[in-house]
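Written out below as structure tokens is the structure these notes cover.
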Amino acid sequence: MPRRLDAPLLLAHSSHPLMIYADYNATTPCDRQIAERMLEVHCDSFANPSNRTSLAGRNARGLIDTARQQLATAVGAHPDEFIFTSGATEASNTIIYGVMQRLMATRPRILLSSIEHPAVQMPVDYCVQSGAEGLSIKGDRQGRLDLAQLQQALSEKPTALVCVMAANNETGVLQDIPEVVRISHAAGALVFSDMTQLLGKAPIDLHHSGVDFACFSAHKCYGPKGVGAFYKRRGLALSPLLRGGGQEAGLRSGTENVAGIMGFGMAADLASREGQQRQSHLRGLTELLENQLRSQLPGVIIHSSEAERMPGTSMCSLPGLRGKWLSQLPGIIASSGSACASLQGKASHVLLEMGVDEKTALHSVRISLGKSTTEAEVHKIAAQMCAGAQKLLQS
Ligand code: PLP
């Protein structure tokens with residue numbers, strides 16, 4: 001018998017009564033209206049947008065143009081500054097390789113914060129294997145980048161690119177991107193900021209921030225998986241990663257994912273319109289969760305809580321647990337850090353970089369809430385976390 005699509009195992013959504021979804025930083029459910037509109041596009045508006053001689057092709061092109069405008073409006077930039085990709089990973093790879101290919105001869109050096117997502121860390125590592133110099137800039141115990149160390153490093157040698165994520169996916173800590181830009185530009189370096197987690201959770205104004213490059217992903221903000229984009233400030237040159245038919249201004253060849261791009265545009269538009277409401281909702285729920293944990297679990301650590309954070313993310317540790325906290329949270333879908341670290345059963349490199357000991361880091365739990373999370377769910381999450389921790393303290 002075919003398996004029902006809404007069977008509990010498959011439905012990782014907070015509206016299901018049996019499961020509470022608290023892993024929104026890993027991915028969000030695709031907004032139903034967006035998914036339905038995407039289905040129509042897949043089935044009815046399927047013409048190739050490169051076919052400009054047919055009305056159907058021009059209609060498909062129009063959907064992409066609208067999406068580019070929606071994204072640009074949501075994040076404060078011009079539409080022609082965005083290139084659609086298959087996600088943030090492809091976007092960041094394109095930026096890092098594309099910049100280094102052009103600047104390797106004159107400025108063979110990249111600086112990056114030590115808490116970057118693997119989608120940034122790995123392409124930088126690859127550039128290092130190919131002869132570039134890479135230098136990781138540390139942060140403090142709250143995960144805030146050490147700007148003095150960045151400035152010092154920039155003064156030592158010509159640097160092509162500085163990579164600093166705007167919001168960390170594990171702790172939610174926000175970096176002072178305009179200041180990173182000011183320091184880096186003064187030294188002649190370009191700045192790339194991974195803003196994947198920020199869209200829809202905090203306001204973004206790319207032109208105001210001054211960054212040269214940024215990346216985004218639709219599935220982190222209620223859009224579909226497999227579509228993202230990068231921002232490239234007007235006038236900057238970049239070598240493409242994918243060469244072929246010359247789509248996306250020659251910077252990302254391949255027939256466009258029209259339905260996905262349209263869905264991303266709709267998600268960005270939703271983020272603009274619902275932004276303030278989402279942020280205050282998430283702020284309230286985060287405060288509720290953390291207050292409950294603090295009052296019921298003496299010694300609990302909420303990482304980066306003394307720094308500015310995006311709302312909705314609580315990375316929690318309790319020193320002394322004998323076992324994985326996450327394994328004691330039946331009925332709750334959360335994680336112990338980034339999806340990549342969880343996959344490999346490793347402690348979060350972000351927490352390790354922040355000076356957390358390996359055992360505590362390994363037993364940490366990240367709760368990330370979303371726009372459909374309710375107060376009742378937060379109460380249940382807090383109660384489960386307290387009960388699970390007590391068990392692990394006594395075992
Ligand atoms: N950057 C950050 C901060 C992320 O959280 C993620 C996803 O987990 C990515 C990049 C990669 O995004 P994508 O899944 O669209 O490739």
Side-chain angles (χ1 to χ4, degrees), residues 12 21-30 71 75 82-97 112-126 139 143 145 163-175 177 180 191-202 204 211 213-231 241-242 252 254 257 260-261 263-265 267-268 271 303-304 309-315 333-344 346 348-351 353 366-370:
Y21 187 68
D23 202 15
Y24 284 84
N25 285 11
T27 195
T28 58
C30 185
L71 179 57
V75 298
F82 293 89
I83 302 297
F84 288 112
T85 63
S86 65
T89 301
E90 183 192 326
S92 64
N93 275 256
T94 307
I95 293 162
I96 293 164
Y97 297 144
L112 74 166
S113 86
S114 62
I115 56 167
E116 292 298 305
H117 188 275
V120 170
Q121 178 73 56
M122 293 300 181
V124 170
D125 287 352
Y126 189 74
L145 186 72
C163 307
V164 178
M165 70 198 314
N168 185 267
N169 47 305
E170 299 191 24
T171 62
V173 71
L174 298 170
Q175 304 296 343
I177 298 299
V180 169
V191 175
F192 162 39
S193 185
D194 177 351
M195 299 196 177
T196 306
Q197 288 291 340
L198 211 50
L199 184 52
K201 295 186 197 121
I204 301 178
V211 292
F213 303 98
C215 67
F216 301 94
S217 182
H219 76 97
K220 305 288 186 184
C221 56
Y222 308 93
K225 293 179 179 51
V227 57
F230 65 85
Y231 162 81
L241 182 63
L242 301 183
R252 204 284 185 172
N257 171 6
I261 290 171
F264 188 12
H303 296 284
S304 300
R309 277 182 301 160
M310 60 177 178
T313 306
S314 305
M315 179 58 123
I333 299 173
S335 75
S336 54
S338 77
C340 320
S342 310
L343 253 181
Q344 294 162 20
K346 283 187 182 165
S348 146
H349 84 284
V350 173
L351 293 188
E353 281 298 328
R366 179 189 68 183
I367 300 293
S368 52
L369 308 174

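Whatever order the structure lists them in is the order used to number ligands and atoms, beginning at 1. Keep in mind that what you see is a predicted model, and the values were worked out from it rather than measured. Position 1 is the first residue of the sequence, and the numbers go up from there.
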What heavy-atom pair brings Pro224 and Gly263 nearest, and what distance separates the two atoms?
-> CD-C, 3.9 Å
Nearest heavy atoms of Leu145 and Gln175, plus distance in Å | N-OE1, 2.8 Å
Subset of ligand 1 atoms that lie under 4.0 Å from at least one heavy atom of Ser217 | 13 (P), 15 (O)
A student checking ligand 1 against Gly87 at a 4.0 Å heavy-atom cut-off should list atoms 15 (O)
Closest by any non-hydrogen atom to [atom]: pick that one out of [options].
| atom | options | value |
| --- | --- | --- |
| atom 10 (C) of ligand 1 | Asn169, Asp194, Val120 | Asp194 |
| atom 12 (O) of ligand 1 | Ala88, Ala119, Gly226 | Ala88 |
| atom 8 (O) of ligand 1 | Lys220, Met165, Glu170, Gln197 | Lys220 |

Are any of the N or O atoms of Asn25 closer than 3.5 Å to those of ligand 1?
-> no
Are His219 and ligand 1 in contact, using a heavy-atom cut-off of under 4.0 Å?
-> yes
Should the ring pair Tyr231 and Phe82 be called parallel, tilted or perpendicular, given that the plane angle runs from 0 to 90° and is split at 30 and 60?
-> tilted
If you measure from each non-hydrogen atom of Thr89 to ligand 1, which part falls under 4.0 Å: side chain, backbone, both or neither?
-> both
Under 3.5 Å, is there a donor-acceptor pair between the side chain of Arg252 and the main chain of Ala229?
-> no
Thr28 side-chain N/O to Tyr24 backbone N/O, donor-acceptor pair under 3.5 Å = no
Any donor-acceptor N or O pair under 3.5 Å, side chains Thr171, His303 = no
